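What follows is a set of notes on a single structure, which appears directly below.
Labels below follow one simple rule: chain letters A, B, ... track the order of the sequence lines, proteins then strands, and each chain is numbered from 1. Because the structure is a prediction, the values reported are computed rather than measured. All heavy atoms count here, side chains included; hydrogens, waters and symmetry mates do not.
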Protein chains: 2
Amino acid sequence: MRKEPRQARSREMVERIIAAGREVLVQAGYEGFSTNRVAEQAGVSPGSLYQYFPDKAAILDEVIDRYWEHNAVLTERALGDRVAQITPDNTRPVIDALLTAMEADPALLRVVHEELPQARWRERRTQLVRRVRELTTAAAIALSHDDPHAADAAWVIVIAMENLATKWVLDRPDIDRDDFIEELNALVAGYLHQRAQSRAVGGRQRTTSS
Amino acid sequence: MRKEPRQARSREMVERIIAAGREVLVQAGYEGFSTNRVAEQAGVSPGSLYQYFPDKAAILDEVIDRYWEHNAVLTERALGDRVAQITPDNTRPVIDALLTAMEADPALLRVVHEELPQARWRERRTQLVRRVRELTTAAAIALSHDDPHAADAAWVIVIAMENLATKWVLDRPDIDRDDFIEELNALVAGYLHQRAQSRAVGGRQRTTSS
DNA sequence: ATTGTATGCGAGCGGGGACTCGCGTAATCA
DNA sequence: TGATTACGCGAGTCCCCGCTCGCATACAAT
């Protein structure tokens, strides 16, 4: 920020600019996100943008930050008190929470996932992902306490969940929401069991029989 | 294309332009991909680009098309004659092939996955994905012949595989290649078994016990 | 009321990007 | 060899973009 908005008037303007930023980002995409357009959408002069934002990137950052923040809040709310119910065989509450967050603003989700250069916003994604990872690791450990590759399993699950949930929301495949949650749950449960079983049989091996 | 390059000289130039396009895309990223830079990199005048390409997008398209084409060829080669070995419990050849393709050109993979606006290149991705889907569906059907949700399972697996393989190559998590293949194999095998089992017990249900 | 400061404006600047056009040169053909 | 066509060049046009600056207005303090 270049200056603090002191009067109510200017604080409202800053809000209008951020809202306009979101709108332009959704309507025109990342490539169409220009300062002039944002100003116009906000009903504000181009010069006014730069009273409180140092540059174009700052506006974008603010929009993205708020999106992730909003998502984090939604996730926690959706999880609610169902955290206790989570077991390796029942990860439905986490998956449901994840989906709920994703579904809140599909238009922005699309831009964030399909148009933003990922490199510049890598850290901002963490809040939500970290929470999923937390719960996943707990589930993995519950099944096999001394697995040296438990971290690998957590990584696999987190990446898979995040991307499957995202694509389900964006590409709208013909899969019912409850069915989908069921599939993801089976994916996690099956994976964890399969791993536990392989380890019990004789450590990590190249071939497994049914 | 605007004109056919007739002489050998001009055909070479077109090749140089495409190669330069790839180079600029990797070095400068999607946002830095400008016609002037491509021309300079190719050792060619800006005007010459437009002799054979209608616009900037056409150059980019050609680069991306060739990337996918190359990938498809690599996948088939890596699969080789091991296709016969694939079963629901052993999807390693497919995964290996997928990884091999991804590993061939990580720099370009990064740009394609993290910088290109996905919308404009949605169809080009298909060749590789379709092949994986083919093999996956076969594996799914092998385990349960009349599953009404077999297509869902195939979708889940394909999306998961594609993204896991991509992220593994790009984010270089600390997981050994063979271990990773093993994890993915467990993911698929475990998932398919879990589903088959759930169906056997009593159709799709909300709760499963270990 | 008067003065000082915060706010808002919008024409316009400097820059870079996509793309063109008219001209010189190399290849092809008769 | 002369004529015709293909090729290649690069200065230059037009456009849009990020961003600034001098000025007018609204608010706050005294």
Side-chain angles (χ1 to χ4, degrees), chain A residues 1-64 111 115-117 120-121, chain B residues 1-64 111 115-117 120-121:
Chain A
M1 281 255 175
R2 182 174 261 187
K3 256 195 327 191
E4 264 321 279
R6 303 183 190 282
Q7 306 176 1
R9 182 165 58 124
S10 54
R11 258 172 280 130
E12 274 170 34
M13 196 188 68
V14 168
E15 286 309 308
R16 278 223 311 288
I17 290 171
I18 295 170
R22 199 213 85 101
E23 192 60 21
V24 170
L25 195 57
V26 165
Q27 299 292 336
Y30 175 69
E31 306 203 59
F33 184 86
S34 78
T35 54
N36 292 344
R37 256 205 275 270
V38 172
E40 189 185 17
Q41 171 76 28
V44 148
S45 117
S48 298
L49 292 192
Y50 291 90
Q51 292 271 329
Y52 306 102
F53 296 93
D55 54 20
K56 169 172 129 161
I59 304 175
L60 202 47
D61 283 350
E62 189 61 32
V63 172
I64 306 298
V111 176
E115 299 191 26
L116 291 195
R120 273 196 49 217
W121 282 277
Chain B
M1 282 253 176
R2 184 174 260 187
K3 255 194 331 191
E4 261 327 274
R6 304 181 187 283
Q7 307 176 359
R9 180 166 57 126
S10 54
R11 257 173 280 130
E12 275 169 34
M13 195 188 68
V14 167
E15 285 310 308
R16 279 222 312 288
I17 290 172
I18 295 170
R22 199 213 84 103
E23 191 60 20
V24 170
L25 195 57
V26 165
Q27 300 291 338
Y30 176 68
E31 306 203 61
F33 185 86
S34 78
T35 54
N36 292 342
R37 258 206 273 271
V38 171
E40 189 186 17
Q41 172 75 27
V44 149
S45 119
S48 297
L49 292 192
Y50 292 90
Q51 293 269 329
Y52 305 102
F53 296 93
D55 54 20
K56 169 171 128 160
I59 304 174
L60 203 48
D61 282 350
E62 189 61 33
V63 172
I64 305 298
V111 177
E115 300 191 27
L116 291 195
R120 274 196 47 216
W121 282 278

Can you tell me how far [atom2] of [N] sits from [atom1] of [X], to the nearest Å?
X: A:E12; N: D:dC27; atom1: CD; atom2: C1'; value: 14 Å
X: B:Y30; N: C:dA18; atom1: OH; atom2: P; value: 10 Å
X: B:E4; N: D:dA6; atom1: CD; atom2: C1'; value: 13 Å
X: A:Q7; N: D:dA29; atom1: CD; atom2: P; value: 9 Å
X: A:N36; N: D:dT20; atom1: CG; atom2: C1'; value: 13 Å
X: A:M13; N: D:dC27; atom1: CE; atom2: P; value: 14 Å
X: B:E31; N: D:dC17; atom1: CD; atom2: P; value: 14 Å
X: A:L60; N: D:dC19; atom1: CG; atom2: C1'; value: 17 Å

If you round to the nearest 0.5 Å, how far is [atom2] of [Y] from [atom1] of [X]?
X: B:L60; Y: B:R22; atom1: CG; atom2: CZ; answer: 13.0 Å
X: B:Y50; Y: B:S45; atom1: OH; atom2: OG; answer: 11.0 Å
X: B:Y52; Y: B:I18; atom1: OH; atom2: CD1; answer: 12.5 Å
X: B:L49; Y: B:K56; atom1: CG; atom2: NZ; answer: 11.5 Å
X: A:M13; Y: A:Q51; atom1: CE; atom2: CD; answer: 6.5 Å
X: A:Q41; Y: A:S34; atom1: CD; atom2: OG; answer: 11.0 Å

Provide the closest heavy-atom pair for [X] versus [Y] in the form atom of the first, atom of the second, distance.
X: B:D61; Y: B:W121; answer: OD1-NE1, 3.2 Å
X: B:V24; Y: B:G32; answer: CG1-O, 4.0 Å
X: B:P5; Y: B:R11; answer: O-NE, 3.6 Å

So, is [X] close to the [N] phosphate, meaning a side-chain N or O under 4.0 Å from OP1 or OP2?
X: A:T35; N: D:dC17; answer: no
X: B:R6; N: D:dA6; answer: yes
X: A:R2; N: D:dT20; answer: yes

Greater than 12 external heavy atoms within 6.0 Å of A:E40's CD: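 Result for CD/A:E40: open.
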Side chain of [X] (C-beta onward), nearest among [options]:
X: B:D55; options: D:dA26, C:dC19, D:dC7; result: C:dC19
X: B:S34; options: C:dT7, C:dG17, D:dC19; result: C:dG17
X: A:R37; options: C:dT7, D:dC7, D:dC17; result: D:dC17

Close approaches to DNA chain D from residues 41-51 of chain B, in residue order (heavy atom, under 4.0 Å):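 Close to the strand are B:V44, B:S45, B:P46, B:G47, B:S48, B:Q51.
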In degrees rounded to 10°, what angle is found between the helical axes fit to the five outermost pairs at each end of the helix from C:dA1-D:dT30 to C:dA30-D:dT1?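 Here the local axes at opposite ends form an angle of 10°.
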Heavy-atom nearest nucleotide on DNA chain D for A:K56 versus B:R9: which residue maps closer to 5'?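 Of the two residues, B:R9 wins.
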Return the 5'-most residue of the pair B:A8, B:G32 with respect to DNA chain C, ranking by each residue's nearest nucleotide.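 Whichever sits nearer the 5' end wins; that is B:G32.
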